[in-house]
Chemist: 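Submitted below is the structure of interest, expressed as C-alpha cells.
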Amino acid sequence: MAAVKEVLKSVLVSAPGKVILHGEHAVVYGKTAIATSVDLRCYLLLSPRATGDVKLILPDMQLTQTWPISELKKLLSQRIEGTDDDNLQILKRFCNVGENPSMKSLACLVLLYLLTKILHHKMATLTGIDILIYSQLPFGAGLGSSAAYSVCIAAGLLTCCGAITVNKKEANSDIKSHNLPEMMLEYIRERGEGVLLTDAVSSWGEYAKEDLELINKLSYEAETLVHGTPSGIDNSISVFGGAIKFKNGAFKQIDKMPSLTILLVYTKVLRNTKKMVARVRDLHDKYPSVISPLLTSIEEIVLKSETVLAKLASLSEGEPNNELYSTLQDLFTINHHLLNSIGVGHASLDKVHHMTSEIGLASKLTGAGGGGCAIALIPPGFSSSHLSEVKGRLEESGFESWETSIGGNGVRAHWIH
Ligand SMILES: Nc1ncnc2c1ncn2[C@@H]1O[C@H](COP(=O)(O)OP(=O)(O)OP(=O)(O)O)[C@@H](O)[C@H]1O
Ligand SMILES: C[C@@](O)(CCO)CC(=O)[O-]
Ligand SMILES: [Mg+2]
C-alpha cells in the first residue's frame, strides 16, 4: 500500500449544485444570466488501492463499474495516435455512448474522459483506485447535477495526483464537523477508512484561484460530453460558489447579494438538458426573428433583477422591502411565461406556477426546463401557514419541495491523506 500512496493520495471533495435565477437558455445565445450555488452537494471519495483496476461506485445510479488498468492503458495507447475527435470517438465507443446514451454510460464517459486526461502520465505506476460519488442533487432536474459531478471528478483527480494543492483551513480531528452526509460516513466506515474519521491531520481546504480555473476548464470539457454546447454557467457556479453573473463564457462574482430563501420544487419529471437546449435551437433557427426578441427580453429580466437584488442587499435592517420583492415576483412570472414561449415549459411546471401563485408567490423553472425543478422566492416574513399549506398541496400532486438558502461554498476538499 505504501507504494500506492507514493503515487496518489486519498481525497474527499465536494461541489455544490446551482439554481439559475434568471437567464437559462438565453445564456446559450450569449445573453447574461444570474446563478447561485445551493446547499445541496455532490461528494467524491477517491481511495488508491492495489487491486489492478479502477472502480467507479455510483450508489445514486445503482452502478458499480470496474475497468482493469491494463484495458485503460490499451485505450490510452490507441488514443494517443489519433486526433482529439478520433480520441473522443474511441472513448465513446468504449463507454457505449451512442446517439441516445443512458445516464449510466454518460457518467462513465465523464469519469474516463477526465481520468485518462488527468492521470495519463500516472498510468504506468497506477495500481488501482476506487471512486465513490454520492450526490444530494437529483439528476436531470435542473440543479446542475452533471456539473457538480464533473467538478468533483476533476478536483478529486487533480488533487490526488498533486497537480493542484489544497490550502488547508483548519486542522480538525472529527470529519463529522464538516456535515458529511450519513451515506458518505457509512461508506467510509464500511471501507475501513477509519483513519479518515479519526486522523488528526484531517483538514478541509480551498483551492487557489488558478487551480479553480483549471478545475473549471476541465469540468467544462466534461460538461460538453453531457450537454453538447453548454454555456459553462453550471460548472462555473459549482467551482466558484456564491452568486455569479455570466455572459459569453466569462463571469463576475456578485458581491452585493441579499440572502434569499427559495422554495425548490422538484416535479420528478425527468428530462435531459441536451435535448431541451436542442429544442430551443430548432425553434430559434426556424423562427429567428420571433425567438431572438424573447431571448433579449429574458436578458432584460436578468438586468432588472440584478438592480433590484443590489438594492435589496443595500437596505438597512427594518427598511421596507415589499416593493422590491413585488418586482422580483413580477420578474419570476414574466420569465416563467417567456420560457414557456421558447418551448421549455411543462404541464408540471405550470401546475407549480399556478399553485404557488394562489398563495401569492411566483415561480419559474430553473435550469433546462421540460420538467425538473421550479423555484419560488419566499419574501421575509411570509406566512408560514400559507407555506405549509402549499407544500402539502405540492406533495399531494406528487412533487417534492424544500426551502433552501442560496450562495455558499464552491468546490472544497474535505480531507486529503
Ligand atoms: N450522482 C450522480 N451519479 C452519477 N452521474 C451523475 C450524478 N449526477 C449527475 N450525473 C450525470 O449527470 C447527467 C444528468 O445531467 P443533466 O445535465 O441532463 O441534468 P442536470 O445537470 O441535473 O440539470 P441541468 O443541467 O439542467 O442543471 C447524468 O446523465 C449523469 O451522467
Ligand atoms: C439550459 C441552460 O441554459 C442551463 C442548464 O442548467 C444550458 C446552459 O447554459 O448550458
Ligand atoms: Mg447538467
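As the structure lists them, so they are numbered: ligands from 1, and atoms in each ligand from 1.
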Chemist: Decide if the gap between the ring center of Phe240 and the ring center of Phe251 is smaller than 6.0 angstrom.
Modeler: yes

Chemist: Could you list which atoms of ligand 1 come closer than 4.0 Å to a heavy atom of Thr273?
Modeler: 16 (P), 17 (O), 18 (O), 19 (O), 23 (O), 24 (P), 25 (O), 26 (O)

Chemist: Which angle, to the nearest 10 degrees, do you find at the Mg ion (ligand 3) between NE2 in His227 and OG in Ser146?
Modeler: 90°

Chemist: Mind listing the closest non-hydrogen atom pair of Asp53 and Trp67 along with its distance?
Modeler: CB-O, 3.1 Å

Chemist: Could you give me the CA-CA distance, side-chain angles and deciding distance for Glu389 and Arg393, then say whether salt bridge (Lys or Arg N to Asp or Glu O under 4.0 Å) is met?
Modeler: CA-CA 6 Å; Glu389 184 193 315; Arg393 295 189 52 221; 5.0 Å; no

Chemist: For Phe139, take its heavy atoms, then give the atoms of ligand 1 lying under 4.0 Å from any of them.
Modeler: 7 (C), 8 (N), 9 (C), 22 (O)

Chemist: Which atom names give the shortest non-hydrogen contact between Pro379 and Gln329, and what distance separates them?
Modeler: CG-NE2, 3.7 Å

Chemist: Determine whether Glu24 and Lys364 satisfy the following criterion, salt bridge (Lys or Arg N to Asp or Glu O under 4.0 Å), listing intermediate values before the conclusion.
Modeler: CA-CA 11 Å; Glu24 49 273 272; Lys364 64 173 276 290; 3.0 Å; yes

Chemist: Does the N or O separation between Asp234 and ligand 2 drop below 3.5 Å for any pair?
Modeler: yes

Chemist: Does an N or O anywhere in Gly144 fall below 3.5 Å from an N or O of ligand 1?
Modeler: yes

Chemist: Among all the protein's non-hydrogen atoms, which is closest to atom 2 (C) of ligand 2, and how far away is it?
Modeler: His25 N, 4.0 Å

Chemist: Heavy atoms only: which of Val28, Val226, Thr229 lies closest to atom 7 (C) of ligand 2?
Modeler: Val28

Chemist: Indicate, as side chain, backbone, both or neither, the part of Leu143 found under 4.0 angstrom from ligand 1 when only non-hydrogen atoms are considered.
Modeler: backbone

Chemist: For atom 9 (O) of ligand 2, what's the nearest protein heavy atom and its distance?
Modeler: Ser231 OG, 2.5 Å

Chemist: Answer yes or no for Ile133: is there a heavy-atom contact with ligand 1 below 4.0 Å?
Modeler: no

Chemist: If I compare all heavy atoms of Pro48 with all of Ile129, which pair ends up nearest, and what's the gap?
Modeler: CA-CG2, 3.6 Å

Chemist: Evaluate the ring planes of Trp402 and Tyr266, with Trp represented by its six-membered ring, and classify them as parallel (under 30°), tilted (30 to 60°) or perpendicular (over 60°).
Modeler: perpendicular

Chemist: Can you list the atoms of ligand 1 that are under 4.0 Å from a heavy atom of His227?
Modeler: 16 (P), 17 (O), 25 (O)

Chemist: Which heavy atom of the protein is the closest neighbour of atom 13 (C) of ligand 1, given with residue, atom name and distance?
Modeler: Ser146 CB, 3.9 Å

Chemist: Nearest to atom 4 (C) of ligand 2, what protein heavy atom do you find, and at what distance?
Modeler: Ile20 CD1, 3.6 Å

Chemist: Got a sec: does the NE2 of His354 have more than 12 other heavy atoms crowding it under 6.0 Å?
Modeler: no

Chemist: Distance under 4.0 Å to a non-hydrogen atom of Ala368: what atoms of ligand 1 satisfy this?
Modeler: 26 (O)

Chemist: Would you mind telling me if ligand 1 is within reach of the side chain of Met61, the backbone, both or neither, using heavy atoms under 4.0 Å?
Modeler: side chain

Chemist: Hey, is Lys18 one of the residues with a heavy atom under 4.0 angstrom from ligand 2?
Modeler: yes

Chemist: Can you report which non-hydrogen protein atom sits closest to atom 1 (N) of ligand 1, along with the distance?
Modeler: Asp60 OD2, 2.9 Å

Chemist: Does a sphere of radius 6.0 Å around CD in Glu358 hold more than 12 heavy atoms from other residues, nucleotides or ligands, not counting ones at 6.0 Å or beyond?
Modeler: yes

Chemist: Near Lys18, which atoms of ligand 1 are under 4.0 Å from a heavy atom of that residue?
Modeler: 24 (P), 27 (O)

Chemist: Before we go on, tell me: are the rings of His414 and Tyr43 under 6.0 Å apart, centre to centre?
Modeler: yes

Chemist: Out of all atoms in ligand 2, which are within 4.0 Å of some heavy atom of Ile233? Include the element for each.
Modeler: 9 (O)

Chemist: Can you tell which part of Cys42 has a heavy atom less than 4.0 Å from ligand 1: side chain, backbone, both or neither?
Modeler: neither

Chemist: Taking all non-hydrogen atoms of both residues into account, name the closest pair between Leu283 and Ile342 and its distance.
Modeler: CD1-O, 3.4 Å

Chemist: Short N/O distance, under 3.5 Å, between Glu24 and ligand 2?
Modeler: no

Chemist: Would you say NZ of Lys304 has more than 12 non-hydrogen atoms from neighbouring residues, nucleotides or ligands within 6.0 angstrom?
Modeler: no

Chemist: If you look at every heavy atom in Thr404 and Asp39, which pair is closest and at what distance?
Modeler: OG1-OD1, 2.5 Å

Chemist: Can you tell me if Arg279 has over 12 outside heavy atoms packed within less than 6.0 Å of its CZ?
Modeler: no

Chemist: Is Thr273 close to ligand 2, meaning an N/O of one under 3.5 Å from an N/O of the other?
Modeler: no

Chemist: Which heavy atom of Gly371 sits nearest to which heavy atom of Ser348, and what is that distance?
Modeler: CA-OG, 4.2 Å

Chemist: List ligand 2 atoms under 4.0 Å from Pro230, heavy atoms only on the residue side.
Modeler: 10 (O)

Chemist: Could you find the nearest protein heavy atom to atom 23 (O) of ligand 1 and give me its residue, atom name and distance?
Modeler: Gly142 N, 3.2 Å

Chemist: Quick one: nearest non-hydrogen protein atom to atom 22 (O) of ligand 1, plus distance?
Modeler: Ser145 OG, 2.7 Å

Chemist: Report the C-alpha distance between Lys217 and Glu213 in whole Å, list the side-chain angles of each, state the deciding distance to 0.1 Å, and finish with yes or no for salt bridge (Lys or Arg N to Asp or Glu O under 4.0 Å).
Modeler: CA-CA 6 Å; Lys217 176 182 169 291; Glu213 274 157 12; over 6 Å; no

Chemist: Within ligand 1, which atoms have a heavy atom of Ser135 less than 4.0 Å away?
Modeler: 1 (N)

Chemist: Taking a cutoff of less than 4.0 Å between a non-hydrogen atom of the residue and any ligand atom, is Ala368 in contact with ligand 2?
Modeler: yes

Chemist: Please verify whether a non-hydrogen atom of Arg271 lies at under 4.0 Å from ligand 1.
Modeler: yes

